[in-house]
There are 2 protein chains.
Amino acid sequence: MATIDDVAKAAGVSRSTVSYALSGKRSISPQTRGRIDRAIKQLNYTPNAGARALRTAQTGVLGLLVQFHEDEFAPAMLQYILPITETSRALGYDILMMTETDGAEALTRAAESGMVDGLVLLDVTQNDPRLDALRSVRQPGVLVGLPGDTRGLDVVDLDFAAAARSLVDHLVDLGHREVVLVSPPRHVFERGGAYSWRFRDAALQRASERGITLTPRYGESQQPAIDENLHAILDDNPDATGLIMHNDASVAALPHLLHQRGVRVPDDLSVVSLYSRDFARWFSLPYTAIESSPGLLGTVAVKQLAQRITGEDAAGPHGTRLITAEIVDRGSTR
Amino acid sequence: MATIDDVAKAAGVSRSTVSYALSGKRSISPQTRGRIDRAIKQLNYTPNAGARALRTAQTGVLGLLVQFHEDEFAPAMLQYILPITETSRALGYDILMMTETDGAEALTRAAESGMVDGLVLLDVTQNDPRLDALRSVRQPGVLVGLPGDTRGLDVVDLDFAAAARSLVDHLVDLGHREVVLVSPPRHVFERGGAYSWRFRDAALQRASERGITLTPRYGESQQPAIDENLHAILDDNPDATGLIMHNDASVAALPHLLHQRGVRVPDDLSVVSLYSRDFARWFSLPYTAIESSPGLLGTVAVKQLAQRITGEDAAGPHGTRLITAEIVDRGSTR
DNA sequence: CTGAAAGCGCTTACAG
DNA sequence: CTGAAAGCGCTTACAG
């Protein structure tokens, strides 16, 4: 590997001149610049990341803390990881991906050793143990998912309450009076997946405001329990004309199951849900749904984090950003 | 952030003694060790990764080069990424994940700047442009996916030919004489996804050896083309009693489609495929299949890479490792 | 417009 | 069993 000294020697200038030529932080005469550029090309020089990090205390790397709960639907996670990685790269950052079970420990390790300039926390829960770790660390972080205590944190999440209200309104406006909501599995509520009750509570409140019956039920996360549970829910609510699906694993299983039961959508049952376009494509889901916009959430989160790292004024005070998502009509309601 | 000098001062020893206490590379008196340990704990000291990397030319990071082809089924990718990340961590490495379209450039950048000790290339194709980049770089790499030229490379892949043969045998042994194979989309063949023709060619050859008719067809990668294509394939082969699915996107759509057509498995049609347990779970796939073992592939690949990095003799000469996978009987054949 | 020098925080030969 | 010192490859004040 060529070093900056090799380049300086080859170009017949000093080390500092090469460095400034690279950073553009002071003007270089055209001839000097030319010689440096040629030397760099010829030696195939790339600055050493470790040395640069040691000197500048900046690594150009963001830590991405991913958590895989067994009761969660793994394919959905990739929708967040990819846009975050791509946005990061566009802003000049690489991604160090950490999937350890002990996320707090991983976060601390990456931060304290100075491997990262900032941290992205995915799938944050109500009392997420990673938050204390994040607060006690020098690097800024951004959360995707709303915890109970957001003091001093930047948070980005979907506005699940607004999403629930607009799905209820959508059904009520079409005349539905009896609606079932399939929530995430009970475990998700219990471990503090706030999106689960934010969605459910808002849906229940709106239903009561609009004077309709909304029956909330838990979904399941694994076959064959998913199918059994859905059958039971449909059996228990023969008069329901509307179904709100707020559970990836269950909604993925729904088309086949409804077909089995001979239930036609939307003739016999109106179905709405909440997922992304990609998710709909992978699982061939034909339901009108709030676009969960994982790409948008990831992009917003990373941009906020990058501003926080560079200390731009635009970063503003710490706060929570709830994204209002659009409904995508796929004709599954009537 | 505390530095090693802070620890040395607090413990009343020299910097080098702290360093040796950390590495265990020379013996330290119990009292000294105790004072150092206490100082480390008290100051919450973690060695600076950049400084260590600069000094040792080792980063403890592996670069993971992921590629997302639009004609590929993204959810399947996560099955490889996760085990690789977990195995790496178990061996003491963190993962720098790179998803750039220009994988060769990304590889070169990560390697030349000394950000990584080694590289894992996912989804390698016949003439993968990343291979030249890998060959011209100081760090070792390991490929998941078999390219045309493997000189000087460590490769791990599923034995797709063996998988195809055992699926054909499985059907022939049950008495099937007319079988259809749904391969990956044409684009995958064209861009050099070697697994596509390794599987198809071996299946065709085995079919001819066993004297049965095997009709190969291309799959599609996007709805609604997937369904249209599958309908056409089934319409065109009314006498086929066996179906081999070698395409994630198509097989994920198959249960619903067969149900629509009123085709019962295995009564009317025997179906076999190639995918992982996780994939089967996510998509509720009920078919007997070769276990594609993404976790095993990832683990083998990372272990091989780690041996190559540490220069262990156990790493042996460069070579290709084709993993023979097991068949998981889910009762979809007769 | 350019150069010489200090120093980021480590590890490890060298010395005792 | 322990310490003083060199040096990994950069960036940036300081000086001209």
Side-chain angles (χ1 to χ4, degrees), chain A residues 1-37 39-40 43-61 92 109-117 138-139 310, chain B residues 1-37 39-40 43-61 109-117 138 310:
Chain A
M1 287 298 85
T3 72
I4 197 170
D5 281 336
D6 297 331
V7 174
K9 204 164 296 170
V13 298
S14 78
R15 190 194 334 189
S16 52
T17 301
V18 176
S19 180
Y20 282 116
L22 245 26
S23 68
K25 287 191 181 171
R26 72 182 187 193
S27 46
I28 310 279
S29 77
Q31 310 97 295
T32 308
R33 162 139 269 147
R35 295 215 306 283
I36 291 173
D37 286 348
I40 287 175
L43 295 170
N44 201 7
Y45 169 68
T46 310
N48 179 279
R52 188 173 266 180
L54 177 56
R55 174 59 222 230
T56 63
Q58 293 272 308
T59 62
V61 176
R109 186 170 59 80
E112 304 259 78
S113 66
M115 297 180 85
V116 299
D117 294 342
R138 147 176 69 88
Q139 292 92 337
T310 52
Chain B
M1 287 297 86
T3 71
I4 196 171
D5 281 335
D6 298 331
V7 175
K9 204 163 298 168
V13 298
S14 79
R15 190 194 334 190
S16 52
T17 301
V18 177
S19 180
Y20 283 115
L22 245 26
S23 69
K25 287 191 181 170
R26 74 182 185 193
S27 46
I28 310 279
S29 76
Q31 309 97 296
T32 308
R33 160 138 273 144
R35 295 216 307 284
I36 291 174
D37 286 348
I40 287 175
L43 294 170
N44 201 5
Y45 169 68
T46 310
N48 180 279
R52 187 173 264 181
L54 177 57
R55 174 61 223 229
T56 63
Q58 292 271 311
T59 62
V61 176
R109 185 169 60 80
E112 304 259 78
S113 67
M115 297 180 84
V116 299
D117 294 341
R138 148 176 71 88
T310 52

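Just so it is clear: chains get the letters A, B, ... in the order the sequence lines come, proteins before strands, and each one is counted from 1. Owing to the predicted nature of the structure, the values given are computational and were not obtained by experimental measurement.
- On a pure distance criterion of 3.5 Å, no polar donor-acceptor pair joins the side chain of Ser16(B) and the base of dA5(D).
- For dT12(C), its base never sits under 3.5 Å from the side chain of Arg55(B) at any donor and acceptor pair.
- Using a 4.0 Å heavy-atom distance criterion, Ser19(A) is classed as a base contact.
- Side-chain atoms of Asp6(A) come within 3.5 Å of backbone atoms of Thr3(A) as a donor-acceptor pair (strictly under, hydrogens ignored).
- Atom-to-atom, CD1 of Ile28(A) to C1' of dT12(D) comes out at 13 Å; the value is rounded to the nearest Å.
- Between Thr3(B) and dG9(C), a side-chain N or O to OP1/OP2 separation shorter than 4.0 Å is absent.
- Atom CE of Met1(A) is separated from atom CD of Glu112(B) by 4.5 Å, given to the nearest 0.5 angstrom.
- A straight line from CG of Leu54(B) to P of dC10(C) spans 12 Å, rounded to a whole angstrom.
- Of all non-hydrogen atoms in Arg33(B) and Ala21(B), the two that sit nearest each other are NH2-O, 2.6 Å.
- Taking 4.5 Å as the limit, some side-chain heavy atom of Leu22(A) sits within range of a side-chain heavy atom of Pro47(A).
- Note: CG (Asp6(A)) to P (dC10(D)) measures 9 Å, nearest angstrom.
- When the nearest nucleotides of DNA chain D are assigned to Thr32(B) and Arg26(A) by heavy-atom distance, the more 5′-ward of the two goes with Thr32(B).
- No side-chain donor-acceptor contact under 3.5 Å links Ser16(A) and Ser19(A).
- Projected onto DNA chain D by closest heavy-atom contact, Pro30(B) and Gly50(A) fall at different nucleotides, the more 5' of which corresponds to Pro30(B).
- Between dT2(C) and Ser29(A), a contact under 4.0 Å exists linking OP1 or OP2 to a side-chain N or O.
- One interatomic measurement links the two molecules: CE of Met115(B) to P of dG9(D), which rounds to 17 Å at whole-angstrom precision.
- Contact annotation: Lys25(B) side-chain N/O to dT12(C) OP1/OP2 distance is under 4.0 Å.
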*Which dot-bracket notation, 5' to 3', represents the base pairing of DNA chain D when pairs are defined as Watson-Crick or G-U with both distances under 3.5 Å, crossing pairs as [ ], and inter-strand pairs as |?*
|||.||||||||.|||
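- Distance Asp5(B) CG to dG3(D) P: 13 Å, rounded to the nearest Å.
- Across all non-hydrogen atoms, the minimal contact from Met115(B) to Val61(B) is O-CB, 3.6 Å.
- Note on Tyr20(B): every side-chain N or O is 4.0 Å or more away from OP1 and OP2 of dA13(C).
- Of the residues Thr32(A), Val7(A), Ile28(A), the one that meets the side chain to side chain contact (heavy atoms under 4.5 Å, CB included) test with Val13(A) is Thr32(A).
- At the phosphate of dT12(C), neither OP1 nor OP2 sits under 4.0 Å from any side-chain N or O atom of Ser23(B).
- The two residues Gln139(A) and Gly114(A) make their nearest non-hydrogen contact at NE2-CA, 4.2 Å.
- OP1 or OP2 of dG3(C) has at least one side-chain nitrogen or oxygen of Thr17(A) nearer than 4.0 Å.
- No hydrogens or angles were tested; on distance alone, nothing pairs the side chain of Arg52(A) with the base of dG9(C) as donor and acceptor under 3.5 Å.
- In this structure, Arg138(B) places its CZ atom 12 Å from C1' of dC8(D), rounding to the nearest Å.
- Going from atom CD of Gln31(B) over to atom P of dC1(D) covers 10 Å, rounded to whole Å.
- Following rounding to the nearest Å, Ile4(A) (CD1) and dG3(C) (P) show an atom-to-atom distance of 12 Å.
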